[in-house]
Undergrad: 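This structure is in structure tokens; I'll ask about it shortly.
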2 protein chains.
Amino acid sequence: MNAAKDTTEDKILEAATQVFVQKGMEGARMQEIADAAGINKALLHYYFRSKDKLFDAIFSKIVSFAFPKIGQILQAELPFVDKVEQAIDTYLDLLLKHPYLPGFILKEVNRDPSVFFKLVMKHGFKLEPIFQVMQEAMDRGELIRMKPEHLVVNVVGLCVFPFAAKPVISFVAFNEDPEATQAFFEERREEVKQFVIRAIQPIN
Amino acid sequence: MNAAKDTTEDKILEAATQVFVQKGMEGARMQEIADAAGINKALLHYYFRSKDKLFDAIFSKIVSFAFPKIGQILQAELPFVDKVEQAIDTYLDLLLKHPYLPGFILKEVNRDPSVFFKLVMKHGFKLEPIFQVMQEAMDRGELIRMKPEHLVVNVVGLCVFPFAAKPVISFVAFNEDPEATQAFFEERREEVKQFVIRAIQPIN
DNA sequence: GCATGATTTAACCAATTGGTTAAATTTGCT
DNA sequence: AGCAAATTTAACCAATTGGTTAAATCATGC
């Protein structure tokens with residue numbers, strides 16, 4: 001995810017991202033981040049004065065990375081169903097490459113929502129345009145009538161939840177077989193698309 | 001959730017449940033649990049020798065509570081669609097009463113899956129009977145053909161995810177208006193049922 | 001060569017925290 | 001009353017951890 005320019009600051013950001021994402025803000029240790037970056041604790045504090053400052057920097061990058069510009073896809077001149085397929089594809093691509101993101105973000109957002117709120121305000125992330133597109137598609141009869149909020153939550157939940165619950169799914173449904181688990185997650189792409197389409201398509 | 005028998009041990013379990021669920025294993029403080037139980041730290045360790053022991057006791061109760069016997073509903077003599085509706089109703093009832101459970105369980109399972117695995121093995125929780133019921137319903141043409149694993153994950157995700165992501169949803173979609181947020185969560189009951197039914201019903 | 005910033009070393013500090021201990025006090029029971 | 005268990009008090013310990021500091025060393029460009 002990080003463009004490893006190999007400067008010390010980038011090495012720190014890369015290492016910190018890895019450690020923070022895996023262990024969370026509270027579980028991460030400054031010493032471990034320093035080790036992962038191949039430097040020592042003093043230098044780590046020399047670059048980022050405090051753990052909070054370092055975490056904020058990482059969390060900001062991760063949030064803006066994990067809330068991609070789905071908006072553009074939805075604005076295109078396409079049948080709504082195609083837009084939904086594209087959006088799901090884009091998002092599952094991202095999640096398959098970064099499966100730890102959901103667990104990390106959910107954990108941190110529940111620990112201290114205010115940090116997340118500030119970021120969303122700064123990046124000016126809004127749902128209204130997405131709702132707008134959905135309303136218009138409903139008016140054209142391209143999808144069943146429903147509250148856009150629910151549709152967004154349903155689609156995001158179907159995409160994101162399995163990653164946040166991966167250990168549970170892997171153990172309960174696949175006896176911890178890593179290949180079966182991996183196959184399941186790759187199937188999700190088609191599965192979610194078909195499931196959502198069947199759920200939103202009007203009965204002609 | 002706890003049957004407050006008012007004995008000291010129950011007071012501890014009640015307080016510990018509250019603190020653990022809100023702050024997680026790592027964020028919880030033994031002193032805070034003692035305070036919440038109206039006792040002191042020495043007595044807390046007198047009843048439960050260590051934080052780990054206390055946490056295991058709470059986590060075990062919570063997991064067996066949050067993985068309810070949906071199996072019984074699915075075994076009944078009913079059209080499959082009705083069973084699904086009942087299962088969703090039962091589960092969303094539980095979640096609306098205990099909205100912190102998803103965030104807590106997901107956090108702890110990602111922190112240390114082994115504890116969860118042992119519990120699942122001890123309680124002998126299996127998905128096969130549920131898969132069986134689904135397969136039979138598919139054979140009878142009562143629902144579309146799909147892998148049962150995906151159907152279970154889809155339904156659980158649609159129910160659970162919004163609770164784990166509540167702060168995000170409340171802020172991004174409802175501008176943190178608590179009443180609008182609450183209304184949205186209560187709507188989920190009908191919304192999820194209709195969404196799932198549309199997605200799994202065969203086109204006659 | 002020299003000045004400046006980057007980096008290391010290593011010791012240190014203060015706060016937090018899980019856990020212990022021992023003695024005193026209270027409570028409940030017979 | 002008297003015994004045992006429950007509970008409090010209060011001090012203490014050891015480990016962890018975020019953060020600091022000061023001096024030494026290294027790298028680099030002017």
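No hydrogens, no waters, no symmetry mates; every other heavy atom, side chains included, goes into these values. Here is the naming used below: chain letters follow the sequence lines, and residue numbers restart at 1 for every chain.
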Undergrad: Show me the protein contacts with nucleotides 21-26 of chain D, counting only N or O atoms at under 3.5 Å.
TA:
none

Undergrad: Look at the aromatic rings of A:Phe171 and B:Phe117 and report parallel, tilted or perpendicular, splitting at 30° and 60°.
TA: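 Ring orientation of A:Phe171 relative to B:Phe117: parallel.
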
Undergrad: Just to be sure I understand the geometry, which residues of residues 20-35 of chain A put a non-hydrogen atom under 4.0 Å away from DNA chain D?
TA: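 Heavy-atom contacts with DNA chain D come from A:Ala28, A:Arg29, A:Met30.
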
Undergrad: Tell me whether A:Arg111 forms a cation-pi arrangement with A:Phe55, defined as NZ or CZ under 6.0 Å from the six-membered ring centre and within 45 degrees of its axis.
TA: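 Cation-pi check for A:Arg111 and A:Phe55: passes.
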
Undergrad: Taking it one step at a time, do B:Lys193 and B:Glu190 satisfy salt bridge (Lys or Arg N to Asp or Glu O under 4.0 Å)?
TA: CA-CA 5 Å; B:Lys193 282 192 277 189; B:Glu190 280 312 308; 3.2 Å; yes

Undergrad: Quiz question: by atom type and distance under 3.5 Å, do the side chains of A:Glu186 and A:Gln182 form a donor-acceptor pair?
TA: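 Side chains of A:Glu186 and A:Gln182: pair found under 3.5 Å.
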
Undergrad: Specify whether A:Phe116 and A:Phe67 have parallel, tilted or perpendicular ring planes, treating 30° as the upper limit for parallel and 60° as the lower limit for perpendicular.
TA: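 The arrangement is tilted - the two ring planes meet at 30° to 60°.
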
Undergrad: Give the ring-plane orientation class for A:Phe184 versus B:His150, where under 30° counts as parallel, over 60° as perpendicular and anything between as tilted.
TA: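 Ring orientation of A:Phe184 relative to B:His150: parallel.
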
Undergrad: Please confirm whether the shortest side-chain N or O distance from A:Asn40 to OP1 or OP2 of C:dT7 is below 4.0 Å.
TA: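 For C:dT7, OP1/OP2 do not have a side-chain N/O of A:Asn40 under 4.0 Å.
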
Undergrad: If you measure from the Lys or Arg side-chain nitrogens to the Asp or Glu carboxylate oxygens, is any gap between A:Lys41 and A:Asp35 under 4.0 Å?
TA: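 A:Asp35 and A:Lys41: not salt-bridged.
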
Undergrad: Nearest to the side chain of A:Lys41 - C:dT8, C:dG19, D:dT20?
TA: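 Looking only at heavy atoms from C-beta outward on A:Lys41, the closest nucleotide is D:dT20.
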
Undergrad: When you check the gap from the basic side-chain N to the acidic O, do B:Asp89 and B:Arg189 get nearer than 4.0 Å?
TA: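 Yes.
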
Undergrad: For DNA chain D, which residues of residues 43-55 of chain A approach it to below 4.0 angstrom with any heavy atom?
TA: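 Those residues whose heavy atoms fall under 4.0 Å from DNA chain D, taken from residues 43-55 of chain A in numerical order, are A:His45, A:Arg49, A:Ser50, A:Lys51.
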
Undergrad: Ignoring backbone atoms, establish whether B:Thr8 has a side-chain N or O less than 4.0 Å from OP1 or OP2 of D:dA6.
TA: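 So the side-chain polar atoms of B:Thr8 never come under 4.0 Å of the phosphate oxygens OP1 or OP2 of D:dA6.
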
Undergrad: Should the pair A:Lys126-A:Glu128 be classified as a salt bridge under the 4.0 Å nitrogen-to-oxygen rule?
TA: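 No, A:Lys126 and A:Glu128 are not salt-bridged.
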
Undergrad: Go through the side-chain N and O atoms of A:Glu191 and B:Asn154 and say whether any donor and acceptor fall under 3.5 Å apart.
TA: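 The criterion, which ignores hydrogens and geometry beyond distance, is satisfied for B:Asn154 and A:Glu191.
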
